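Owing to the predicted nature of the structure, the values given are computational and were not obtained by experimental measurement. The chains referred to below are lettered A, B, ... by the order of the sequence lines, with proteins before strands, and numbering in each begins at 1.
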There are 2 protein chains.
Amino acid sequence: MDIRTLCLGILTMRDATGYEIKKVFEDDLSHFYEASFGSIYPALNRMTEDGWIACKAEAQDGRPDKKIYSITSAGRMAFMDALQKKPRKDRIRSEFLAMMMFSDLMVPSRIAGLIDERLAGLNAHLKEIDTCMDEAATPNVVRFLRGFGQAMYRAERDYLEENRHLVEAQALMSRAAAD
Amino acid sequence: MDIRTLCLGILTMRDATGYEIKKVFEDDLSHFYEASFGSIYPALNRMTEDGWIACKAEAQDGRPDKKIYSITSAGRMAFMDALQKKPRKDRIRSEFLAMMMFSDLMVPSRIAGLIDERLAGLNAHLKEIDTCMDEAATPNVVRFLRGFGQAMYRAERDYLEENRHLVEAQALMSRAAAD
DNA sequence: AGAGTCATGTAACGCGTTACATGATTGT
DNA sequence: ACAATCATGTAACGCGTTACATGACTCT
């Protein structure tokens, strides 16, 4: 499921511009996917060529024409096919954890700083989810996805708080051994 | 932190061949990073050119020469620099969750099947971690990383078990409304 | 005054996956 | 017999990021 296919999926839900699709990525998918304009706009152009989506341009003053995309029946079929394929393994890439692996090459204050920043980020995410979870009118699916993010962030926060000593103590021991 | 830099980091811990580096990715980093030979071997070649690592070839019979890489002082400095940069945001890409977003386009049995498979995968991961967590002689850092994976897998399992109804019920309701 | 929102795009570039190529040895 | 382990690599290709280009309107 590349960005292209995901854009197509979003267009099964409603007509949208590239700009609006980006917002769906930010609002609903941000915890487990991201996409930049540099990938969204070319994706839309290509799918238009392929006949999977159609585009109506709306003139605006002082801004580029607004291009409202809608899915075609060929596009809808293509997306249904994509939903029948088995999802591939998650791709995760965490530089934070990769750095933790080398904690014995860092001074303790650096390790602590990294973990503190990470926790701050997690708490910020959680706060943000909390504020938008209250809103009624949120579809169940979006609730499910947001709740998923929430559960993961909480689990990570709890784990870090309880286990940071494993990397922080390790650094102290390596330094002690070096003396 | 690209694959190249991570290979360099692994070589701060011990000399290794490309093949062995791949195993470190599989054993210690698999929960939040992955790398294929197609990225590891070119990375090693390039870092050799750059003078960050050095290579000793060992002849073998019936197999390609074993190339044992070791980090140079220039390489060690480069890696220390990398550890001072602030880690970039995690990159996550979950096709499973992306598909869940479109649960109302799938028949209930398909949704249930996807979730069941996902749970099976999570349980398999957890089982695997359980078996290798017992081993003494596992460094604290590796414990920390494995424990991290464990905590995440458990959190996801629990979340899915408790909240799958949100996507499964949604599908039923959409279908009911369509009747 | 400055940040943020709306709105589209292109071009270069790097990164990494995938598939291919080779082939002996060891374990089930 | 068959799969897995050991061991290295290349080439094509796609995907996506990043930076750049443009510019008005609105909120603080």
Report task. Round to the nearest Å and state the distance from Ile21(A) atom CD1 to dC6(C) atom C1'. Result -> 15 Å
Requested in this report: Show the numbers, then the answer: is there a side-chain contact (heavy atoms from CB on, under 4.5 Å) between Leu126(A) and Arg154(A)?
Outcome: CA-CA 8 Å; Leu126(A) 284 167; Arg154(A) 279 183 185 152; 3.8 Å; yes
Does [X] share a hydrophobic cluster with [Y], counting links as ILVMFWY side-chain heavy atoms below 4.5 Å and allowing steps through other members?
{"X": "Met106(B)", "Y": "Ile115(B)", "answer": "yes"}
{"X": "Met77(B)", "Y": "Tyr69(B)", "answer": "no"}
{"X": "Ile111(A)", "Y": "Tyr159(A)", "answer": "yes"}

Report task. Could you pull out all residues at least two apart from Thr17(B) that satisfy side-chain contact (heavy atoms from CB on, under 4.5 Å)? Result ->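 With sequence neighbours excluded, Thr17(B) shows a side-chain contact (heavy atoms from CB on, under 4.5 Å) to Tyr19(B), Glu20(B), Lys66(B), Ile68(B), given in chain and number order.
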Query raised in the report: By side-chain contact (heavy atoms from CB on, under 4.5 Å), which residues pair with Ser36(A), not counting sequence neighbours?
Result: Ser39(A)
Report task. Please work out if Lys22(B) contacts a base, only the sugar-phosphate, or nothing of the nucleic acid, heavy-atom cut-off 4.0 Å. Result ->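 Nothing, no heavy atom under 4.0 Å.
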**Report entry** Minimal non-hydrogen separation, Arg146(B) against Thr138(B), with atom names
**Finding:** NH2-CG2, 3.6 Å
Query raised in the report: Going by heavy atoms closer than 4.0 Å, what residues in residues 1-20 of chain A are next to DNA chain D?
Result: Asp2(A), Ile3(A), Arg4(A)
Query raised in the report: Can you name the one residue among Ile40(B), Leu29(B), Asp28(B), Ile71(B) that meets side-chain contact (heavy atoms from CB on, under 4.5 Å) with Ile10(B)?
Result: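 Output: one option passes, namely Leu29(B).
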Requested in this report: Name the residue closer to the 5' end of DNA chain D, choosing between Ile68(B) and Arg88(B) according to the nucleotide with the nearest heavy atom.
Outcome: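 Nearest-nucleotide comparison on DNA chain D picks Ile68(B).
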Dump every N/O contact between nucleotides 24-28 of chain C and the protein below 3.5 Å, one line per pair.
| unit_1 | atom_1 | unit_2 | atom_2 | d |
| --- | --- | --- | --- | --- |
| dA24(C) | O4' | Gly62(B) | O | 3.3 |

Report task. Take Leu8(B) and Met1(B) through the test side-chain contact (heavy atoms from CB on, under 4.5 Å) and record every step on the way to the result. Result -> CA-CA 10 Å; Leu8(B) 189 61; Met1(B) 189 99 88; over 6 Å; no
Query - Worked verdict on Arg91(A) versus Arg88(A) for side-chain contact (heavy atoms from CB on, under 4.5 Å) - result: CA-CA 9 Å; Arg91(A) 232 165 267 203; Arg88(A) 61 166 58 188; 2.2 Å; yes
Query raised in the report: Does the side chain of Thr5(B) pick up a donor-acceptor pair with the side chain of Asp2(B) at under 3.5 Å?
Result: yes
Report task. Take Phe96(B) and Glu117(B) through the side-chain contact (heavy atoms from CB on, under 4.5 Å) test and state the conclusion after the steps. Result -> CA-CA 10 Å; Phe96(B) 167 72; Glu117(B) 264 183 61; over 6 Å; no
Query raised in the report: Where does the angle between the aromatic ring planes of Tyr41(A) and Phe37(A) fall among parallel (under 30°), tilted (30 to 60°) and perpendicular (over 60°)?
Result: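 Tyr41(A) and Phe37(A): parallel rings.
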Report task. On DNA chain D, reading 5' to 3', which nucleotide is the first and which the last to sit with an atom under 4.0 Å from a heavy atom of chain B, could you check? Result ->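 On DNA chain D, the outermost contacted nucleotides are dT5(D) to dT18(D).
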Requested in this report: Identify, residue by residue, the members of residues 27-43 of chain B with a heavy atom below 4.0 Å from DNA chain C, and return them in order of residue number, or none.
Outcome: Glu34(B), Ser36(B), Gly38(B), Ser39(B)
